[in-house]
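A short write-up of the structure that comes next.
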Amino acid sequence: MSVQHTAGTSLILRLELENSIATFGQLAKTIGENGGDIVAVDLISATKTTAVRDMTVQAFDRAHGEQIVKELHALPGVKVVNVSDRTFLMHLGGKIEIHAKSPVKNRDDLSRVYTPDVARVCQAIHADPQKAYTLTIKRNTVAIVTDGTAVLGLGDIGAAASVPVMEGKAMLFKQFADVDAFPICLDTKDTEEIIRIVRALAPVFGGINLEDIGSPRCFEIEDRLREELDIPVFHDDQHGTAVVLLAGFLNAIKIVQKPIEAVRVVVTGIGAAGVACTKMLIAAGVKNIIGVDRNGIISNKNEYDNVAWDWYAKNTNPAGVTGSLADAIRDADVFIGLSGPGVLTVDHLKMMNRDPVVFAMANPTPEIEPEVAEPYVRVMATGRSDYPNQINNVLCFPGIFRGALDCRAAEINEPMKLAAARAIAAIVSDDELNENYIIPSVFNKRVAKAVSRAVVEAAIASGVARRERLDGNYTTTL
Ligand SMILES: NC(=O)C1=CN([C@@H]2O[C@H](COP(=O)(O)OP(=O)(O)OC[C@H]3O[C@@H](n4cnc5c(N)ncnc54)[C@H](O)[C@@H]3O)[C@@H](O)[C@H]2O)C=CC1
Ligand SMILES: CC(=O)C(=O)O
Ligand SMILES: [Mg+2]
């Protein structure tokens, strides 16, 4: 396989040139000679003696960007006025906002959308709470709830620092499935308090997407909320990840032509995502999975006070292997990383069975860099947007909630998740399937539609859909 890295750091450099000393050609030459790629140039202002230009320059990474800026600083007649990072610019003032669906143009509009007439609408909902689905934002709105304790692979960075990720998820909900989602980042790590707050918020929302809540607390929070609420509650890091992983896994083992029941899988990071991916793989027919966390292999020879690990020890590692990742990975067919950077080495890869498949899914830095792994693996996937084979829950959560909201599902159950996984996998046809294309692109417009359709059908078949079919056809908003 071949790995292509596409993102890097994009810098906007504001440069002031003294015309008698420095030329634009010298600038461009210096940037080019230092490996930078000039993407755009704007002339901001000019006098007889100076010119101020904004140059957008692509660098490999931050350090490379800093090196280019240093070289420009050293050029006679060039002043570096400002350096902006395009990523930070895209976050200025946040990434989402609320729009009204109709303007309030006059007193008549005012008295209908607001007092006095709004009171009649409130009373209608008071008389029949189900009307909240037709008369409020509930039918299309999801709360993205986090406590900021397991944000990507950054760990416990707190509620405020988690907001950019949750805003990003809200953008993706809207863009890919027209679901209105809102970040609810809670400044508490208390399980009971989180459950109480989410329960109290639920009247506004048609679904709850739990995000980046650390394990093992995430399991109890999700289980309790699922029991206590009558709207779907879905922990994205568990189930969204597991759905997409299964889709990529099914396609990857087709490429290496290994039967699912014979495949040996190693999972590192037995947290929210690791446990859920393991359960999904077992449900799909995988028989031999070994889990490894910070203290080594999880085996039934040990006792754990973590209930999730207790389950893991009883349901995986049939041969009772003990030790470290190096002991687990010998002759493994598939590695699944849901832990942190640098966990997997080339020595580990060399110990794997023929045609290794590696899903290094820790974000933002995978368990092994694809460029390093490339010579030793047959199929390589990461969770990142800037490499091929992106195994990321963004392929799942927009479509799964679209489907659940459309059929007003009481929950998102196992058949709905399996249907979503199979729908994602099936988008890659047998003719298209290859080492660099095991999973459709996030931008493939068929993904969310296929997922939501499959989810609605599975919800109806499993008896959790609460919305009538119209004229024999299920109407979705996609
Ligand atoms: N690609 C994707 O769609 C997704 C990727 N992830 C990534 O997976 C990772 C874990 O996420 P969660 O399960 O939500 O977090 P979590 O906090 O619930 O679990 C992480 C687990 O990994 C273990 N771990 C951390 N470093 C380790 C190491 N060096 N060796 C072995 N075990 C280690 C921790 O002890 C913990 O049990 C994060 O990097 C996250 O970004 C999570 C969800 C989706
Ligand atoms: C993708 C995602 O949800 C995570 O890395 O936590
Ligand atoms: Mg997450």
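Note that ligands are numbered from 1 as they come in the structure, with each ligand's atoms numbered from 1 the same way.
- Those atoms of ligand 1 with a heavy atom of Gly153 less than 4.0 angstrom away are 38 (C), 39 (O), 40 (C), 41 (O).
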Ile290 and Thr316: CA distance, side-chain angles, deciding distance, side chain to side chain contact (heavy atoms under 4.5 Å, CB included) verdict: CA-CA 6 Å; Ile290 302 182; Thr316 62; over 6 Å; no
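- When only interatomic distances are considered, the shortest N/O to N/O separation between Val343 and ligand 1 does not fall below 3.5 Å.
- Residue, atom and distance of the protein heavy atom nearest to atom 22 (O) of ligand 1 are Gly269 CA, 3.3 Å.
- With hydrogens and angles disregarded, no donor-acceptor distance shorter than 3.5 Å links the side chain of Asp37 to the backbone of Gln58.
- Between the side chain of Asp147 and the backbone N or O of Lys189 there is no donor-acceptor pair closer than 3.5 Å.
- Backbone and side-chain nitrogen or oxygen atoms of Asp293 are examined, and one is located within less than 3.5 angstrom of a nitrogen or oxygen of ligand 1.
- Between the side chain of Glu167 and the backbone N or O of Lys95, at least one donor-acceptor pair lies under 3.5 Å.
- Summarising the geometry, atom CH2 belonging to Trp309 is positioned 3.5 Å from atom CG belonging to Asp293; distances are rounded to the nearest 0.5 Å.
- Closest to atom 25 (C) of ligand 1 among all protein heavy atoms lies Arg294 NH2, 3.3 Å.
- Looking at atom 7 (C) of ligand 1, its nearest protein heavy atom turns out to be Met361 O, 3.6 Å.
- Taking NZ of Lys417 as the reference point, atom NE2 of His239 lies at 4.5 Å (rounded to 0.5 Å).
- In Met361, neither the side chain nor the backbone holds a heavy atom less than 4.0 Å from any atom of ligand 2.
- By the 4.5 Å heavy-atom criterion applied to side chains, Ile38 and Met55 are counted as neighbours.
- Closest to atom 11 (O) of ligand 1 by heavy atom, among Thr365, Ile391, Leu338, is Leu338.
- When heavy-atom distances to ligand 2 are checked against a 4.0 Å cut-off, Thr241 has no atom that comes that close, whether in backbone or side chain.
- In terms of protein heavy atoms, atom 44 (C) of ligand 1 is closest to Thr241 OG1, 3.0 Å.
- Counting only distances under 2.8 Å, and ignoring water, the protein N, O or S atoms around the Mg ion (ligand 3) are Glu211 OE2, Asp212 OD1, Asp237 OD1.
- Protein heavy atom nearest atom 24 (N) of ligand 1, with residue, atom name and distance: Ser339 CB, 3.9 Å.
- Residue Ile270 places a heavy atom under 4.0 Å from ligand 1.
- Between Phe397 and Phe234, a ring centre-to-centre spacing not shorter than 6.0 Å is recorded.
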Pair Arg402-Asn140, side chain to side chain donor-acceptor pair (under 3.5 Å): steps then yes or no: CA-CA 8 Å; Arg402 176 74 280 146; Asn140 201 47; 2.8 Å; yes
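- Annotation: side chain of Tyr387 is not in contact with side chain of Met380 (no heavy-atom distance under 4.5 Å).
- Remark: the backbone N or O of Arg354 is not paired with any side-chain donor or acceptor of Arg378 at under 3.5 angstrom.
- Each of the following atoms of ligand 2 lies closer than 4.0 Å to a heavy atom of Asp237: 2 (C), 3 (O), 4 (C), 6 (O).
- For ligand 1, the atoms lying closer than 4.0 Å to a non-hydrogen atom of Gly383 are 1 (N).
- Close contacts between ligand 2 and Asn393 involve ligand atoms 1 (C), 2 (C), 3 (O) [criterion: under 4.0 Å to a heavy atom].
- Below 3.5 Å of separation, one finds an N or O of Ser215 facing an N or O of ligand 1.
- Listed by atom number, the atoms of ligand 2 under 4.0 Å from Lys169 heavy atoms are 1 (C), 2 (C), 3 (O).
- In terms of protein heavy-atom proximity, atom 14 (O) of ligand 1 is closest to Asp237 CB, 3.8 Å.
- Look at Asp430 and Lys254 and you find a salt bridge, because one of the NZ, NE, NH1 or NH2 atoms lies within 4.0 Å of a carboxylate O, short of that distance.
- Using a 4.0 Å cut-off between heavy atoms, Asn392 contacts ligand 2 through its side chain alone, with no backbone atom that close.
- At under 3.5 Å, a nitrogen or oxygen of Ala273, whether backbone or side chain, sits near a nitrogen or oxygen of ligand 1.
- In this structure, Asn393 contributes its side chain and Cys396 its backbone to no donor-acceptor pair below 3.5 Å.
- Of the protein's non-hydrogen atoms, the one nearest atom 19 (O) of ligand 1 is Gly271 CA, 3.3 Å.
- Note on ligand 2: Glu211 sits in its first shell, one or more heavy atoms being nearer than 4.0 Å.
- At the top of the distance list for atom 5 (O) of ligand 2, counting protein heavy atoms only, stands Asn363 ND2, 2.9 Å.
- Counting only distance, with no hydrogens or angles, the side chain of Asn434 and the backbone of Glu432 share a donor-acceptor pair below 3.5 Å.
- Although no hydrogens or angles enter the test, the distance criterion places no donor-acceptor pair under 3.5 Å between the side chain of Asn444 and the main chain of Ser441.
- Ion pair Asp355/Lys258 not flagged as a salt bridge, since none of the NZ, NE, NH1 or NH2 atoms sits closer than 4.0 Å to an Asp/Glu carboxylate oxygen.
- Counting heavy atoms closer than 4.0 Å to ligand 2, residue Val165 contributes nothing at all.
- Rounded to the nearest 0.5 angstrom, Ile144 CD1 and Phe205 CZ are separated by 9.5 Å.
- The CD atom of Glu220 lies 12.0 Å from the CD1 atom of Ile213; values are rounded to the nearest 0.5 Å.
- In terms of N/O distances under 3.5 Å, ligand 1 is not approached by Ala362.
- In terms of modelled atom types and a separation under 3.5 Å, the side chain of Asp236 and the main chain of Glu211 share no donor-acceptor contact.
- Between Ala272 and ligand 1, at least one pair of N/O atoms sits closer than 3.5 Å.
- Considering backbone and side-chain N/O of Asn393, one or more are found under 3.5 Å from N/O of ligand 1.
- Atoms CD1 and CZ, from Ile137 and Arg139 in turn, are 12.0 Å apart once rounded to the nearest 0.5 Å.
- Those atoms of ligand 1 that come under 4.0 Å of a heavy atom in Ala150, given as number and element, are 17 (O).
- The backbone and the side chain of Asn392 each have at least one atom closer than 4.0 Å to an atom of ligand 1 (non-hydrogen atoms only).
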